[in-house]
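Below: one structure, written as structure tokens.
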Amino acid sequence: MFRIATWNVNSLRVRLTHVLDWLATNQPDVLALQETKMTDDLFPVQSFEQLGYQAIYSGQKTYNGVALLSKLPLQSVATSFPGYADPQKRVLCATVKKIAVLNLYIPNGSEVGSEKYQYKLDWLSQLQAYARQLLQTHTHCILLGDFNIAPTDEDVHDPVEWQGKVLCSEQERASFFNLIDAGLKDCYHLFPRQDNRFSWWDYRAAGFRRNRGLRIDHILADTALATHCTSCRIDVAPRKLEQPSDHAPVLAEFDI
DNA sequence: ATGGTAGTTCAACTA
């Protein structure tokens with residue numbers, strides 16, 4: 001059995017006890033974190049070691065930052081797409097059990113047509129190339145993280161309100177399905193959909209209380225590995241705690 | 001038509 005999860009924690013400093021509690025309860029083999037918002041010298045390595053997790057991380061001050069926590073040995077780490085120099089720390093790749101695990105914090109994009117949106121599209125085209133490379137060079141691949149893309153209207157609380165907006169625009173969605181077409185499955189879709197189950201809710205305007213959410217955090221597995229997936233669920237429990245992240249963790253299980 | 005909150009950092013930015 002292999003259990004892997006993703007969680008945008010929106011500051012690991014603030015969310016450390018939430019993450020430690022969640023690890024202790026759910027016992028994933030691997031947890032991918034996004035938006036750690038801390039430099040590597042401040043990463044709380046020992047807190048995770050005490051729970052039996054090795055940590056690798058690529059962080060920066062104030063923004064972004066990704067990490068992988070693992071009970072199993074991690075190998076061949078990469079912290080960027082080859083040939084794409086990005087000062088923003090959004091990528092962390094390692095192999096676990098001969099699976100290439102790619103932890104992603106895809107840019108938000110701010111607003112359709114903005115400079116940040118163009119950066120997102122450029123970044124996504126870099127991801128396309130790297131994902132294809134990984135799929136060719138590794139028997140198994142898992143891409144997971146905060147994709148900042150709601151793939152279809154089913155993933156949006158109010159598709160009319162969100163139509164054409166960032167996270168839902170045609171170009172972003174096309175890029176997501178282009179990635180799927182490279183040979184990946186959205187593990188969430190391998191099981192009956194939990195109605196109106198989202199992974200992110202805006203802190204503003206009581207987004208969570210009103211379930212005004214989007215499903216933008218994903219776990220994708222290569223088609224062969226996907227046949228071994230036995231569950232994939234969004235865990236909203238941590239979103240109900242005091243001082244929660246605006247994202248909920250997503251957890252998938254494989255019988256390998 | 002554009003606010004609402006949260007985190008980092010301490011005025012303004014990102015989400």
Side-chain angles (χ1 to χ4, degrees), chain A residues 6-22 31-44 47 57-67 80 86-92 103-124 127 144-151 155-169 171-173 175-176 198-218 234-250:
Chain A
T6 178
W7 195 1
N8 179 323
V9 292
N10 185 20
S11 170
L12 184 55
R13 199 190 326 270
V14 174
R15 231 66 67 193
L16 183 59
T17 53
H18 285 18
V19 176
L20 294 171
D21 289 348
W22 194 83
L31 174 60
L33 301 176
Q34 304 87 36
E35 284 207 90
T36 55
K37 297 187 175 178
M38 56 170 60
T39 51
D40 291 347
D41 56 310
L42 296 174
F43 198 90
S47 300
Y57 33 88
S58 177
Q60 66 183 93
K61 205 174 168 181
T62 314
Y63 302 120
N64 310 310
V66 283
S80 64
D86 185 358
Q88 301 190 25
K89 305 298 188 187
R90 298 177 172 277
V91 177
L92 190 56
N103 178 13
L104 299 165
Y105 176 43
I106 294 179
N108 172 281
S110 183
E111 215 171 305
V112 173
S114 67
E115 213 169 282
K116 291 193 177 69
Y117 183 74
Q118 190 55 53
Y119 164 66
K120 182 178 195 173
L121 296 181
D122 293 343
W123 202 96
L124 283 167
L127 171 60
L144 78 174
D146 178 358
F147 282 62
N148 270 315
I149 301 173
D155 303 308
V156 182
H157 68 90
D158 185 340
V160 175
E161 179 184 329
W162 280 86
Q163 186 169 27
K165 300 254 171 68
V166 78
L167 315 185
C168 300
S169 73
Q171 279 180 291
E172 292 164 83
R173 285 177 168 179
S175 190
F176 181 86
F198 307 116
S199 70
W200 168 81
W201 303 258
D202 201 311
Y203 284 125
R204 296 167 289 191
F208 183 66
R209 186 177 58 73
R210 299 158 71 194
N211 198 27
R212 292 171 55 83
L214 270 64
R215 193 177 69 91
I216 58 175
D217 299 270
H218 307 296
I234 300 167
D235 183 7
V236 296
R239 189 64 175 81
K240 298 175 178 171
L241 301 172
E242 289 293 309
Q243 258 197 312
S245 166
D246 45 351
H247 294 252
V250 185

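Residue numbering restarts at 1 for every chain, and letters A, B, ... go by the order of the sequence lines.
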(request) Using a heavy-atom cut-off of under 4.0 Å over every strand shown, decide if A:Arg209 touches base, sugar-phosphate, or nothing. (result) nothing

(request) Return yes if some donor-acceptor pair links the side-chain N/O of A:Asn103 with the main-chain N/O of A:Ala67 below 3.5 Å, else return no. (result) yes

(request) Please identify each residue that fulfils side-chain hydrogen bond (donor to acceptor under 3.5 Å, both in side chains) with A:Gln163, with sequence neighbours left out. (result) none

(request) Verify, without hydrogens or angle tests, whether A:Arg90 (side chain) and A:Val66 (backbone) share a donor-acceptor contact under 3.5 angstrom. (result) no

(message) Taking only the C1' atom of each, what is the distance from B:dG4 to B:dA15 in whole angstrom?
(response) 13 Å

(request) Return the residues of residues 10-19 of chain A meeting this criterion: a heavy atom under 4.0 Å from some atom of DNA chain B. Order them by number, or give none. (result) A:Asn10, A:Ser11, A:Arg13, A:Val14, A:Arg15

(request) Please state whether the rings of A:Tyr57 and A:Phe43 are parallel, tilted or perpendicular, taking 30° and 60° as the class boundaries. (result) parallel

(request) Using the test side-chain hydrogen bond (donor to acceptor under 3.5 Å, both in side chains), find all partners of A:Glu161 that sit at least two apart in sequence or belong to another chain. (result) A:Arg212

(request) Hey, which sits more toward the 5' end of DNA chain B by its nearest nucleotide, A:Lys116 or A:Lys165? (result) A:Lys165

(message) Between A:Tyr117 and A:Glu172, is there a side-chain heavy-atom distance shorter than 4.5 Å?
(response) yes

(request) For nucleotides B:dA6 and B:dT2, find the distance between their P atoms and express it as a whole number of Å. (result) 23 Å

(message) Restricting to side-chain hydrogen bond (donor to acceptor under 3.5 Å, both in side chains), what partner residues turn up for A:Arg239, sequence neighbours left out?
(response) none

(message) Work out how far the P atom of B:dT5 is from that of B:dA1, and round it to whole angstrom.
(response) 23 Å

(message) Restricting to ring pair (Phe, Tyr, Trp, His ring centres under 6.0 Å), what partner residues turn up for A:Tyr105, sequence neighbours left out?
(response) none

(request) Give A:Phe208 one of three labels, base, sugar-phosphate or nothing, depending on what nucleic acid heavy atoms sit under 4.0 Å from its own. (result) nothing

(request) Could you list where the contact with chain A starts and ends along DNA chain B, reading 5' to 3', using a 4.0 Å heavy-atom cut-off? (result) B:dG4 to B:dA15

(message) Heavy-atom nearest nucleotide on DNA chain B for A:Ala206 versus A:Asn8: which residue maps closer to 5'?
(response) A:Ala206

